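As structure tokens, the structure follows; a few thoughts come after it.
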Amino acid sequence: MWKMLKLRLRTLVLVAVLVPLVGWVARRLAERTEQRHEGPTTTSRVLRGVDATARKARSFV
């Protein structure tokens, strides 16, 4: 099936699946980090940034 799809369509499908998944994982990791350390940390801020970027990317797709 993958061979029949064009490269752009395959890329679009992968991005449509991977971008929300990466955002969800980053958000969950940020929440767990903040719970452990009782507040925002540098790591959780970076993960929140990844989640925000993933949300912006989803709006383009």
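Note that the coordinates shown come from a computational prediction; the quantities given were computed from them, not determined experimentally. Heads up: numbering here begins at 1 and tracks the sequence.
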Note to self: Return the CZ to CG distance between Arg28 and Leu47, rounded to the nearest 0.5 Å.
What the structure shows: 12.5 Å

Note to self: Nearest 0.5 angstrom please: Thr11 OG1 to Lys6 NZ, how far?
What the structure shows: 13.0 Å

Margin query: Assigning hydrophobic clusters by single linkage (Ile, Leu, Val, Met, Phe, Trp, Tyr; side-chain heavy-atom cutoff under 4.5 Å), is Val15 placed with Leu18?
Written below: no

Next item on the list: Decide yes or no on side chain to side chain contact (heavy atoms under 4.5 Å, CB included) for Leu21 and Val17, but give the supporting numbers first.
Entry: CA-CA 7 Å; Leu21 182 65; Val17 171; 5.6 Å; no

Next item on the list: Quick one: name the residues clustered hydrophobically with Val22, using the 4.5 Å side-chain heavy-atom rule over I, L, V, M, F, W, Y, and just say none if it's on its own.
Entry: Val50

Checklist line | Partner residues of Arg32 under the salt bridge (Lys or Arg N to Asp or Glu O under 4.0 Å) criterion, sequence neighbours left out | finding: none

Check: What are the two closest heavy atoms between Val19 and Ala57, and how far apart are they?
Finding: CG1-CB, 3.9 Å

Notebook entry, point to check: Does Pro40 have any side-chain contact (heavy atoms from CB on, under 4.5 Å) partners at least two apart in sequence or in another chain, and if so, which?
Noted result: Glu34, Ser44, Arg45

Margin query: Do Leu29 and Trp24 land in one hydrophobic cluster if side-chain heavy atoms of ILVMFWY residues count as linked below 4.5 Å?
Written below: yes

Notebook entry, point to check: Measuring from Arg48:CZ to Thr33:OG1, what's the distance to the nearest 0.5 Å?
Noted result: 9.5 Å

